[in-house]
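Step one of this worksheet: look at the structure below.
These numbers were taken from a predicted model, which means no experiment stands behind them.
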Amino acid sequence: MLTRPLLLLMAVTTGLTVGGNYVNQPLLDTIATDLGVSDGRAAALVTVAQVSYGLGLLLVVPLGDLLERRRLLVTLALLAAAGHAVCALAPSYAVLVVGTAVAGVFSVAAQVLVPFAAELAEPGREGRAVGTVMSGLLIGALLARSVSGALAEVGGWHAPYALVATGLLVIAVLLRRRLPRSVPTAPGGYLATLASGARLVAELPRLRTRALLGGLGFAGVSVLFATTTFLLAGPRFGLSELQIGLVGLAGVAGASMASLAGRMADAGKGQWATGIGAVGLVATWGLLGLSSSVWLTSLLLFVLGFGLADMFLQAVHVSNQNVVYPLRPDARARLNSVYMTTYFAGGALGSAVGSAAWGAGGWPLVSGVGAGFGVLVVLVWFLDLRLERSGRALSAAGAGTR
């Protein structure tokens with residue numbers, strides 16, 4: 001039974017585990033100075049966190065179907081805490097890299113919790129459960145940057161890592177006491193479980209379309225994330241690092257959309273949520289392009305577009321999850337592994353393409369590329385609609401022959 005306190009614990013857990021991967025971003029300059037490394041090597045810590053998280057999605061999340069989940073989640077929280085503790089005590093850059101990698105791999109506890117929340121929810125309330133847990137994840141990721149920077153001002157760059165490590169230890173104890181036990185659903189061993197994920201991709205067309213929707217949607221928004229600092233710090237806006245960080249808080253609007261999209265899915269309107277998000281991602285790039293154009297320079301319009309981009313992405317993302325998990329209820333963790341790996345691969349693609357577009361043509365080309373990803377999302381949504389309608393027609397025909 002998924003009680004409100006348990007759902008809140010799951011939301012806080014996802015926020016802390018994922019948010020821990022973002023605490024290094026405001027600290028890079030200080031880390032570079034203190035450890036005597038170049039800015040480029042310090043910035044590589046962000047890449048280490050992202051790559052290790054991606055490996056965790058691919059290699060660790062499927063364990064949610066193979067192992068008892070409460071024990072798995074407690075173990076992952078403890079291992080992530082160990083990684084952050086290594087970072088907090090790191091005397092050198094090499095040790096900091098190791099700690100960052102360990103924390104990143106095991107922070108995917110969040111992606112074991114999301115489908116677990118859907119499984120524990122009452123029938124008809126799965127979407128709300130997913131939306132609430134995802135809201136916690138989003139808020140944690142956003143707050144991590146600002147809280148980390150403020151804490152480092154008082155206690156140095158080690159302090160944020162120590163706080164996250166301590167928080168994860170507390171979370172591990174609470175998960176051990178509050179989470180119900182689960183029954184593993186994946187037959188065979190670890191390698192068989194990984195191989196079955198590939199079979200799921202081949203067998204489930206809507207897993208493919210929904211994973212592609214998520215990857216393309218995140219790619220388009222990652223184009224924005226990769227170029228925002230260049231635009232806002234440039235001569236058109238001239239914002240400081242602190243001001244740019246405050247602009248990023250506009251993304252907290254995505255947390256409210258995650259909850260709303262979950263409720264729409266429970267009401268049978270998940271395709272509406274996806275469609276609104278897909279079309280909105282295209283339209284938002286119109287606002288963002290106009291905000292720094294030959295006709296206008298408007299920070300207000302940019303902030304509005306930034307917030308809407310994250311809102312529309314969450315409408316697509318949460319509705320995707322509510323389609324994917326019921327495809328094979330006995331394989332939720334493996335389905336989430338496939339979906340989230342595709343999602344983050346799309347984000348990496350978008351970041352690379354966005355940076356290249358900025359260098360080649362500045363903000364006008366960036367806006368065009370971002371809108372182009374949005375158009376691809378709309379096209380894949382139409383394909384998913386056709387698959388859904390075909391599936392309903394086949395079900396109706398099957399029912400008619402019985």
Side-chain angles (χ1 to χ4, degrees), residues 9-57 59-60 72-113 136-177 241-242 245 248-249:
L9 173 61
M10 289 177 143
V12 172
T13 301
T14 58
L16 186 60
T17 52
V18 173
N21 289 328
Y22 293 90
V23 297
N24 59 16
Q25 294 187 10
L27 313 176
L28 299 177
D29 184 64
T30 304
I31 288 172
T33 301
D34 190 45
L35 298 182
V37 298
S38 67
D39 290 346
R41 292 187 72 193
L45 291 169
V46 177
T47 303
V48 170
Q50 292 173 335
V51 171
S52 58
Y53 188 79
L55 289 173
L57 289 172
L59 301 175
V60 177
L72 173 63
L73 285 162
V74 170
T75 302
L76 293 178
L78 290 173
L79 290 171
H84 287 291
V86 169
C87 292
L89 300 171
S92 66
Y93 176 77
V95 175
L96 184 57
V97 169
V98 171
T100 300
V102 171
V105 168
F106 297 113
S107 67
V108 295
Q111 298 305 331
V112 177
L113 270 171
L137 187 154
L138 294 167
I139 292 172
L142 286 167
L143 291 181
R145 299 181 180 93
S146 54
V147 172
S148 175
L151 188 60
E153 288 285 335
V154 178
W157 66 265
H158 298 83
Y161 290 112
L163 179 64
V164 174
T166 304
L168 286 171
L169 289 175
V170 174
I171 285 292
V173 173
L174 293 175
L175 292 177
R176 179 69 179 83
R177 292 181 176 179
E241 292 179 353
L242 175 61
L249 290 177

For Ser38 versus Ala32, what's the shortest heavy-atom pair and its separation? O-CB, 4.0 Å
Could you measure the distance from the CD1 atom of Ile139 to the OG1 atom of Thr14? Nearest 0.5 Å is fine. 9.5 Å
Kindly write out the residues that satisfy side-chain contact (heavy atoms from CB on, under 4.5 Å) with Leu9, not counting sequence neighbours, or none if the list is empty. Leu6, Thr13, Ile171, Leu174, Leu175, Arg178
Which residues pass the side-chain hydrogen bond (donor to acceptor under 3.5 Å, both in side chains) test with Tyr53, not counting sequence neighbours? Gln111
Rounding to 0.5 Å, atoms NE2 (His84) and OG1 (Thr166) come to a distance of 11.0 Å
Once you round to the nearest 0.5 Å, how far does CZ of Phe106 lie from CG of Leu73? 13.0 Å
How far does CG of Leu76 sit from OG1 of Thr17, to the nearest 0.5 angstrom? 9.5 Å
Side chains of Leu78 and Leu168: closer than 4.5 Å at any heavy-atom pair? no
So OH of Tyr93 and CG of Leu35: to nearest 0.5 Å the spacing works out to 9.5 Å
Is the closest side-chain heavy-atom distance between Val112 and Val108 below 4.5 Å? no
Which donor-acceptor pairs under 3.5 Å do the side chains of residues 97-105 make with protein atoms, sequence neighbours left out?
unit_1	atom_1	unit_2	atom_2	d
Thr100	OG1	Leu96	O	2.8

Do you know which two heavy atoms are closest between Ala110 and Val18, and how far apart they sit? CB-CG2, 3.5 Å
Sequence neighbours excluded, which residues qualify as side-chain contact (heavy atoms from CB on, under 4.5 Å) partners of Thr33? none
Under the rule for side-chain contact (heavy atoms from CB on, under 4.5 Å), what residues qualify as partners of Ala88, not counting sequence neighbours? Tyr161, Ala162
For Ser107, all residues meeting side-chain hydrogen bond (donor to acceptor under 3.5 Å, both in side chains), sequence neighbours excluded: Asn21
Nearest heavy-atom pair of Ala159 and Gly155: which atoms, and what distance? CB-O, 3.8 Å
Partners passing side-chain contact (heavy atoms from CB on, under 4.5 Å) against Ser92 (at least two apart in sequence or in another chain): Ala94, Val95
Only pairs at least two apart or in different chains count here, so list each ring-ring contact (aromatic ring centres under 6.0 Å, His included) that has a residue in residues 19-39. none
side-chain hydrogen bond (donor to acceptor under 3.5 Å, both in side chains) contacts in which one or both residues fall within residues 73-82, not counting sequence neighbours: none
